[in-house]
Number of protein chains: 2
Amino acid sequence: MEPYKLFEAEHKFVHLIWEHEPINSTELVKLSHDKLGWKKSTTYTVLRKLCERGILRNEDALVSAIVKKADAQQYESQTMIKKTFDGSLPQFLTAFLKENKLTEKEAAELKRIIEEAAE
Amino acid sequence: MEPYKLFEAEHKFVHLIWEHEPINSTELVKLSHDKLGWKKSTTYTVLRKLCERGILRNEDALVSAIVKKADAQQYESQTMIKKTFDGSLPQFLTAFLKENKLTEKEAAELKRIIEEAAE
DNA sequence: TCCTGAAGTTTATCGCAGTAAACCTTATAG
DNA sequence: CTATAAGGTTTACTGCGATAAACTTCAGGA
């Protein structure tokens, strides 16, 4: 399995952990119950699988992420653009902005981000 | 089911059709066999489901798309950004560009696209 | 009249993601 | 000692997406 590929349930779970890490595993069971409606065993099953894949770690009942949020996001955005937009960022942006107009301020911020990635 | 949501297999299939529409259904069976390795019945099963959901149409053995590519792309990009980036385009761009540097020319094109969406 | 190929449906199998019940082990408060 | 809670694992069911085998219907050529 590709390292960063997350299934839907895993995705929600990992996002939850990024928001709360490091977190005690019993706390995590409570949190998953509240936010995702999961039973204890579900939490531990998903947790273990993600640990086996090197995405999370659980040491002495303290859970944290090995894969950093930014890296996983990078992977996901890249994968999506490849799959849906032929790998073309301009094609993506065009599609996305078609129904999402920008304020001047937002536009300026985006342009700054682009300039920083240029050359 | 949300109208534009496509599963993996459907996704590939619809992309194939966008590239070839309008296309005779028997031709499509051949095409799906060549490009996706599908049997005839698989093609017809997937086709029918997508027709029922109003995404494709099959009239007198002529298959075409009801949902336009640009709209489906827009939906997908939006959904992904909501799910993975909290709905934030800047967050998305930052992540994507972290490992993807741009030439001056590409940067200029992106800025143009952004300016067109501002106003 | 029979055959063939186009066009499509009915019905099923199968693997996997999602979810959890039931069980286990160890530490420790009473 | 012993009941309880923390911190898990083992095992399994279930629904659904992916895929297809087998059947049906009908038009048109030999």
Side-chain angles (χ1 to χ4, degrees), chain A residues 1-17 20-65 67 72 75-76 79 83-84, chain B residues 1-17 20-66 72 76 79-80 83-84:
Chain A
M1 174 121 44
E2 313 100 282
Y4 295 149
K5 163 79 180 163
L6 298 177
F7 300 106
E8 286 297 311
E10 293 173 347
H11 189 272
K12 290 180 200 152
F13 186 64
V14 171
H15 270 258
L16 204 57
I17 288 169
H20 294 274
E21 65 170 336
I23 180 171
N24 165 270
S25 60
T26 299
E27 289 301 308
L28 183 58
V29 166
K30 284 196 192 82
L31 191 64
S32 301
H33 182 264
D34 293 349
K35 300 282 184 178
L36 307 173
W38 289 6
K39 304 289 177 184
K40 187 178 73 154
S41 50
T42 303
T43 297
Y44 277 111
T45 302
V46 175
L47 174 59
R48 188 161 26 75
K49 288 200 181 164
L50 288 167
C51 287
E52 279 162 13
R53 278 158 53 200
I55 290 168
L56 301 177
R57 119 189 75 203
N58 181 10
E59 283 166 345
D60 301 325
L62 195 67
V63 176
S64 56
V67 168
Y75 172 82
E76 268 198 77
T79 301
K83 194 181 84 178
T84 303
Chain B
M1 174 122 45
E2 314 101 280
Y4 296 150
K5 162 81 180 163
L6 298 177
F7 299 106
E8 284 297 312
E10 294 173 347
H11 189 273
K12 291 180 200 155
F13 186 64
V14 172
H15 269 258
L16 205 57
I17 288 168
H20 293 274
E21 65 171 335
I23 180 170
N24 165 270
S25 59
T26 299
E27 289 301 308
L28 182 59
V29 167
K30 284 196 193 84
L31 191 65
S32 300
H33 182 264
D34 293 349
K35 301 280 185 181
L36 307 174
W38 289 6
K39 304 287 178 186
K40 188 179 72 154
S41 50
T42 304
T43 296
Y44 276 111
T45 301
V46 175
L47 174 59
R48 187 160 27 73
K49 288 202 179 161
L50 289 167
C51 288
E52 278 163 11
R53 279 157 53 199
I55 291 167
L56 301 178
R57 122 188 72 202
N58 181 10
E59 283 166 345
D60 301 325
L62 194 67
V63 176
S64 55
I66 294 172
E76 268 197 78
T79 301
M80 185 282 246
K83 194 182 83 178
T84 304

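Chain A is the first sequence line, chain B the second, and so forth, proteins listed ahead of strands; every chain is numbered from 1. Not measured: the values here are computed from a predicted model.
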Item to check | Rounded interatomic separation in angstrom, taking CG from B:L36 and C1' from D:dA18 | outcome: 12 Å
Checklist entry - So, is B:T42 near the phosphate of D:dA20, with a side-chain N or O under 4.0 Å from OP1 or OP2? => result yes
Name the atoms and distances for all side-chain donor-acceptor pairs under 3.5 Å in residues 30-41 of chain A, with sequence neighbours left out.
unit_1, atom_1, unit_2, atom_2, d
A:S32, OG, A:L28, O, 2.9

Checklist entry - Which residues satisfy the side chain to side chain donor-acceptor pair (under 3.5 Å) test with B:R48, sequence neighbours excluded? => result none
Next on the checklist: Output the rounded distance in Å from CG (A:L50) to P (C:dG18).
Outcome noted: 10 Å
Next on the checklist: Applying side-chain contact (heavy atoms from CB on, under 4.5 Å), can you list everything that pairs with A:A65, at least two apart in sequence or on another chain?
Outcome noted: A:W18, A:E21, A:L56, A:K68
Checklist entry - To the nearest angstrom, how far is A:E27 atom CD from D:dA6 atom P? => result 10 Å
Next on the checklist: The criterion is salt bridge (Lys or Arg N to Asp or Glu O under 4.0 Å); which residues satisfy it with B:E8, sequence neighbours excluded?
Outcome noted: A:K83
Item to check | Distance, rounded to the nearest Å, where A:K49 contributes NZ and D:dG8 contributes P | outcome: 18 Å
Checklist entry - Once you round it to whole Å, what is the distance between C1' of D:dA20 and NE2 of B:H33? => result 12 Å
Item to check | Listed partners of A:E10 passing side chain to side chain donor-acceptor pair (under 3.5 Å), at least two apart | outcome: A:R53
Checklist entry - Using a distance-only test with no angle check, is there a side-chain donor-acceptor pair under 3.5 angstrom linking A:H11 and A:E76? => result yes
Next on the checklist: Out of the candidates B:N24, B:I17, B:I23, only one should pair with B:H20 under the side-chain contact (heavy atoms from CB on, under 4.5 Å) rule; please name it.
Outcome noted: B:I23
Item to check | Nearest-Å distance for atom pair CD/P, residues B:E8 and C:dC16 | outcome: 15 Å
Next on the checklist: Reading DNA chain C from 5' onward, which residue's closest nucleotide shows up sooner: B:A61 or A:W38?
Outcome noted: B:A61
Next on the checklist: Is A:N24 close enough to D:dG7 that one of its side-chain N or O atoms is under 4.0 Å from OP1 or OP2 there?
Outcome noted: yes
Next on the checklist: In this structure, how many angstroms lie between the C1' atom of D:dA6 and the CG atom of A:L62, rounded?
Outcome noted: 14 Å
Between the protein and nucleotides 9-15 of chain D, are there any N/O to N/O pairs under 3.5 Å, and if so, what are the atom names and distances?
unit_1, atom_1, unit_2, atom_2, d
D:dT9, OP2, A:R48, NE, 3.2

Next on the checklist: Rounding to an integer number of Å, can you tell me how far B:K39 NZ sits from C:dA12 P?
Outcome noted: 21 Å
